[in-house]
Amino acid sequence: MNIRQIATTDYHTGGEPFRIVPEPPVAMEGTTVADRRMFAINTPEVDNLRKLLCCEPRGHADMYGGFITPPDDAGAHFGVLFWHKDGFSTACGHGSIALAVWAVQTGRVDRDASGTTTVVVDVPSGRVTMRVHSTDEQITGVDFVNVPSYRLGHHVTVETSRGDVTVDIGYGGAIYAHLKAANVGLSVTPEHYSALIAIGREVKWALNETEHARHPVDDRLSGIYGTILFDDLGTDEDGNPHQRNVAVFADGQVDRSPCGSGTCSRVATLAASGQLKPGQTLIHDSIVGTRFHARIVEELTADGHPAVVPEVTGTAYRTGEHRFELDPADTLGTGFVLR
């Protein structure tokens with residue numbers, strides 16, 4: 001009897017899982033990672049591999065991971081296709097941080113003697129750069145430098161079961177709606193977990209097919225990826241903004257980390273409103289108490305919009321290696337999700 005085996009290495013970044021598949025056992029055709037994403041979306045064999053690794057009993061409704069692919073060209077070390085329970089995403093900051101740690105720890109990218117190793121990865125939304133900082137063999141942090149990010153919409157009204165709300169819409173490799181949690185009577189705490197998911201889904205699906213969800217130049221990047229609900233915690237002693245957020249993405253998935261691409265979208269919207277300036281740091285906490293720091297490293301124009309290049313600092317830790325199997329006689333096949 002043939003039993004299919006898939007090897008993975010798992011990490012978490014700020015509490016959010018990331019399952020790395022270094023050698024996917026299925027072909028992913030295309031000349032760029034963006035092309036390969038569209039191939040994966042439309043190819044049952046690739047999508048079934050995603051389901052196998054993401055769904056129960058091998059995963060869960062909030063699982064996340066990536067298939068390693070060739071880069072677009074020699075300027076990057078490798079490429080990646082990001083996936084979750086509902087499909088393939090355009091960007092993933094927490095996953096990019098995990099990939100950088102994995103690349104250095106496995107020797108895929110040689111560790112720089114200076115203590116800072118640069119890892120360049122092609123993702124569907126573009127090319128991202130990570131700087132992995134280490135002391136001796138210990139990795140102490142990762143700077144994730146994302147694609148140019150910008151605000152797409154300001155004070156957009158959305159009808160919800162909690163009344164009309166206004167949101168900002170920002171692009172950070174993926175498109176997010178930003179909603180202050182207090183405006184719907186909530187706070188970003190585990191006690192409000194279910195209610196945060198519910199309103200996050202409402203806002204996403206209310207906006208997803210509107211003009212507010214359109215990427216200005218590449219329709220493959222269109223659609224509201226998630227809703228960021230945030231608490232404003234004021235400023236620290238140096239005047240840096242401090243916020244706590246939860247990203248409710250895909251269809252009701254919850255990012256346990258402060259969300260990498262979501263933090264970049266947050267940087268873009270705060271910059272557009274003048275609440276975050278070059279030289280300042282956004283202190284960004286998650287629903288489970290983990291933290292990213294983010295800043296603006298460049299101001300520019302991108303896709304016809306005033307934009308910034310955000311840098312997000314966090315780190316990732318390996319949680320295990322796995323060899324998953326699929327027995328052809330298993331009537332559950334690639335699995336299931338209950339949410």
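Values below: every heavy atom of this structure, side chains too, minus hydrogens, waters and symmetry copies.
- For T315 (side chain) and T140 (main-chain N/O), no donor-acceptor pair under 3.5 Å exists by modelled atom type.
- Remark: aromatic rings of F249 and Y225 are close, center separation under 6.0 Å.
- By the rule that hydrophobic residues join a cluster once side-chain heavy atoms approach within less than 4.5 Å of another member, I283 and L276 end up as members of separate clusters.
- Side-chain contact check for H12 versus F18: every heavy-atom pair is 4.5 Å or farther apart.
- For the side-chain contact (heavy atoms from CB on, under 4.5 Å) with P310, the lone residue among V145, V147, N146 that qualifies is N146.
- A distance of 10.5 Å separates CG of L179 from CD of E202, quoted to the nearest 0.5 Å.
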List the steps and the verdict of side-chain contact (heavy atoms from CB on, under 4.5 Å) for F78 and V119. CA-CA 9 Å; F78 53 90; V119 179; 4.3 Å; yes
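- Between F67 and W83, the ring planes lie tilted relative to each other; the angle falls in the 30° to 60° range.
- Looking at Q280, its side chain does come within 3.5 Å of a backbone N or O of K277 through a donor-acceptor pair.
- At a threshold of 4.5 Å between side-chain heavy atoms, the hydrophobic network of Ile, Leu, Val, Met, Phe, Trp and Tyr places V158 and L196 in one connected group.
- Counting only heavy atoms from C-beta outward, the side chains of P25 and L49 approach each other to under 4.5 Å.
- Side-chain contact between H192 and L229 is absent, with no heavy-atom pair separated by less than 4.5 Å.
- At least one donor-acceptor pair under 3.5 Å links the side chain of K204 to the backbone N or O of I224.
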Passes side-chain contact (heavy atoms from CB on, under 4.5 Å), T118 versus R131? Steps please. CA-CA 5 Å; T118 298; R131 293 189 298 272; 4.2 Å; yes
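- For Y64 and H94, the ring centers are positioned less than 6.0 Å apart.
- Using modelled atom types, one side-chain atom of T227 and one backbone atom of G200 make a donor-acceptor pair closer than 3.5 Å.
- Using modelled atom types, one side-chain atom of D231 and one backbone atom of V188 make a donor-acceptor pair closer than 3.5 Å.
- Two residues are said to be in side-chain contact when any heavy atoms from C-beta on lie closer than 4.5 Å; C92 and H84 fail this criterion.
- D122 and V33 make their closest contact through O-CG2, 3.6 Å (heavy atoms, listed as atom of the first residue, atom of the second, distance).
- Taking CZ of F144 as the start and CD of E311 as the end, the distance is 10.5 Å to the nearest 0.5 Å.
- Between I68 and R108, some side-chain heavy-atom pair lies under the 4.5 Å cut-off.
- Under the 4.5 Å side-chain heavy-atom criterion for ILVMFWY residues, no single connected hydrophobic cluster contains both V309 and Y171.
- Distance alone, capped at 3.5 Å, places no donor-acceptor pair between the R151 side chain and the I169 backbone.
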With side chain to side chain donor-acceptor pair (under 3.5 Å) as the criterion, how do T43 and E45 come out once you've worked through the C-alpha distance, each side chain's angles and the decisive distance to 0.1 Å? CA-CA 6 Å; T43 304; E45 188 177 22; over 6 Å; no
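- Here the CD1-CG distance, from I20 to D10, works out to 8.0 Å after rounding to the nearest 0.5 Å.
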S125 vs L221, side-chain contact (heavy atoms from CB on, under 4.5 Å): CA-CA, chis, key distance, verdict: CA-CA 7 Å; S125 58; L221 303 176; 4.2 Å; yes
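- Around atom CD of E159, no more than 12 heavy atoms belonging to other residues, nucleotides or ligands sit under 6.0 Å away.
- Remark: T334 OG1 to E56 CD distance equals 12.5 Å, nearest 0.5 Å.
- Nearest heavy atom pair, residue D255 against residue I287, reads O-CG2, 4.3 Å.
- Here R127 pairs with D73 in a salt bridge; the nearest charged N to carboxylate O distance falls below 4.0 Å.
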Let me see the working for L152 and H212 under side-chain contact (heavy atoms from CB on, under 4.5 Å), right down to the final yes or no. CA-CA 7 Å; L152 280 168; H212 302 294; over 6 Å; no
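- A donor-acceptor pair is defined here as one N or O able to donate and one able to accept, closer than 3.5 Å; such a pair exists between the side chain of N48 and the backbone of P44.
- V267 is not connected to I175 by any chain of hydrophobic side-chain contacts under 4.5 Å among Ile, Leu, Val, Met, Phe, Trp and Tyr, and they are in different clusters.
- With no hydrogens or angles considered, a side-chain donor-acceptor pair links Y176 and S261 at under 3.5 Å.
- Hydrophobic side-chain contacts under 4.5 Å tie V337 to no other Ile, Leu, Val, Met, Phe, Trp or Tyr residue.
- One finds the OG atom of S149 at 12.0 Å from the NE2 atom of H305 (value rounded to the nearest 0.5 Å).
- Contact check on R111 versus D136 returns no salt bridge, with no Lys/Arg side-chain nitrogen under 4.0 Å from an Asp/Glu carboxylate oxygen.
- A donor-acceptor pair under 3.5 Å is formed between the side chain of R36 and the backbone N or O of M28.
- The minimum heavy-atom distance linking T290 with G14 is given by the pair OG1-O, 2.8 Å.
- Here the side chains of R162 and V203 are not in contact, with every heavy-atom distance at 4.5 Å or above.
- A 4.5 Å side-chain heavy-atom check between D47 and F88 finds at least one atom pair inside the cut-off.
- Minimum heavy-atom separation, I228 to A247: CG1-CB, 4.3 Å.
- Remark: the backbone N or O of V254 is paired with a side-chain donor or acceptor of R256 at under 3.5 angstrom.
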Going through the checks in order, is the side chain to side chain donor-acceptor pair (under 3.5 Å) test met by R318 and Q105? CA-CA 10 Å; R318 190 170 71 168; Q105 288 183 333; 5.2 Å; no
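- A pairwise comparison of heavy atoms in A307 and P148 identifies CB-CB, 4.5 Å as the closest pair.
- Between P124 and R220, the closest side-chain pair of non-hydrogen atoms is not below 4.5 Å.
- Minimum interatomic distance between L52 and G333 (heavy atoms only, all atoms of both residues): CD1-O, 4.3 Å.
- For D86 (side chain) and D251 (main-chain N/O), a donor-acceptor pair under 3.5 Å exists by modelled atom type.
- In this structure, R214 places its CZ atom where more than 12 heavy-atom neighbours from other residues, nucleotides or ligands lie under 6.0 Å away.
- In this structure, V104 is a member of the same hydrophobic cluster as W102, with clusters built from ILVMFWY side-chain heavy atoms closer than 4.5 Å.
- Looking only at atom types and distance, the side chain of S265 has a donor-acceptor partner in the side chain of H178 under 3.5 Å away.
- Here the straight-line distance linking atom CG of N245 with atom OG1 of T263 works out to 5.5 Å at 0.5 Å rounding.
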